Amino acid sequence: MPANDLRLLIIQPTHYKAPTDRTLFKTKRRQMVPLALPYLAALTPPEWKVTLLDEQLEDIDFDAPVDVVALTAWTLHSYRAYDIAKEFRKRGVKVIMGGPHVYFNAEEAAEHVDAVGVGEAEPIWKEMLEDAAANRLKSIYRATPLKELNGLPAPRYDLLDLKKFGPFRTFAVQSSRGCPFVCDFCSERFYLGGRYRWRPVDEMVNELKLIKNRGSHFFFGESNFGGKKSRAMELMEGLVPLGIRWSTLWSSNLCLDKEFLDLARKSGVMHVNIGIESIDKDILDGMRKGWNKASRYHEMFENLRQRDISYSLNFIFGFDDEDHDIYRATISFLEEHKVPAAYFNILTPTKGTALFNRMEKAGRIINAPEIDRWPGQICQIWPKNCSPKEMEARIQWMYKKFYSMRSIFKRLPFPPRTRSDMSSWILDLTERRMAFSSTGNNDFDIY
Ligand code: SF4
């Protein structure tokens, strides 16, 4: 490989539409400007000439003159990532791979690429590139999680063609990693480095100031923006003078904290996604999420509404102790409380979780290697109270019911009066389109 003239192509693969439809999921534009690509570019030493490629938006030229290809993938994109690797390796190009998928599937990925980077990129990225250049790649590089998130470089958005991301583009950024909670079904806390850590406020604010030249909408793509309240408050104080608009995910307990919500509103929050998971207290206790207070959901929603903060709720279905009427009861609950947006998920045992181990031991996983590989809500377990197909049908029913025009008019103010009303209408009409499409409903905007 020629020294001082090293060409690195970093690809975020798209995914195939279905096991029976191997066409690629493509869009002309995306709303979310991804973080992984420009951040990996920022970590790359200057002797490399870096090109970034988001395959959802652009096609890959397999004959492009490159020395190393790096793939960053979720499990949804893994099959496509392996096919991309095969094409480049056929042409003698070294391929390395990282991202959430390989955290639990390193050995599998190592069969398809020259080297796999497991865990956070910072401790291993430079070494992997040096080894690739020197033709001495090891099969697997395992990162020790960072103790602190100080001094991280600013993402290289200058390497992306931002025209492809639409006029209201939202920049994915990250101010923390990990989560202080330990929900039974959640794998994020493993591949995001375990312990909850956060970036210094001044570094985060300076980074946002730089990005602001390119757009002023941000998505804090992290497990729990408010995992440490005092630090989140400090950050939000720093956001106030920036005059930005932002959205994120945070835990339900913060919706009962008026001081937190007031500052969030003042600092420009537009939308928050909350994993409330169930309206049933016993189900919440069973998933180690008893701190979601079902008896106080109404109060939470009112607190958000009074501050004109748009929100969406995540639900999970498929638990053994579920009442057979939980689906209908949840829709009634959401309509009664005029909840702007919601996502309905089937309980899925992701590798590495306690849930996976229990389900596997009980022989209740249908096909473990296929978990999370395809878009849409696919039942991967043998539910206790119905068949997998019935479970999928119930979730589809919920989406269609919740995003029917009848339900939307029941839940959202018409005409929209506030900024939050408007964003809820846009979100619901987008979700409605997906709910009634044939390809399922979780083609989420990856970051
Ligand atoms: S609060 Fe969210 S991110 Fe944290 S462990 Fe639970 S599900 Fe995972």
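Keep in mind it's a predicted model, so treat the numbers as computed, not measured. Just follow the structure's listing: the first ligand is 1, and inside any ligand the first atom is 1.
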Output side-chain donor-acceptor pairs under 3.5 Å for residues 354-362, partner residues at least two apart or in another chain, one line each.
unit_1	atom_1	unit_2	atom_2	d
Arg358	NH1	Asp184	OD1	3.2
Arg358	NH2	Asp184	OD2	2.7

Quick one: side chains of residues 210-221, donor-acceptor pairs under 3.5 Å with protein atoms, not counting sequence neighbours, listed by atom name and distance.
unit_1	atom_1	unit_2	atom_2	d
Lys212	NZ	Leu242	O	2.6
Asn213	ND2	Leu210	O	3.3

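Of the protein's non-hydrogen atoms, Lys289 NZ, 4.1 Å is the one closest to atom 2 (Fe) of ligand 1.
Salt-bridge annotation for Glu234 and Arg231: absent, with no side-chain N of the basic residue lying under 4.0 Å from a carboxylate O of the acidic one.
Remark: Glu120 engages Arg177, Arg197 in a salt bridge (charged side-chain N to carboxylate O under 4.0 Å, His left out) (not counting sequence neighbours).
Tyr399 and Tyr403 have parallel rings, their planes meeting at less than 30° on a 0 to 90° scale where 60° marks the start of perpendicular.
Nearby protein atoms of type N, O or S around atom 8 (Fe) of ligand 1 amount to 1 (distance under 2.8 Å).
Put simply, the side chain of Asn224 never gets that close to the backbone of Trp250: no donor and acceptor are under 3.5 Å apart.
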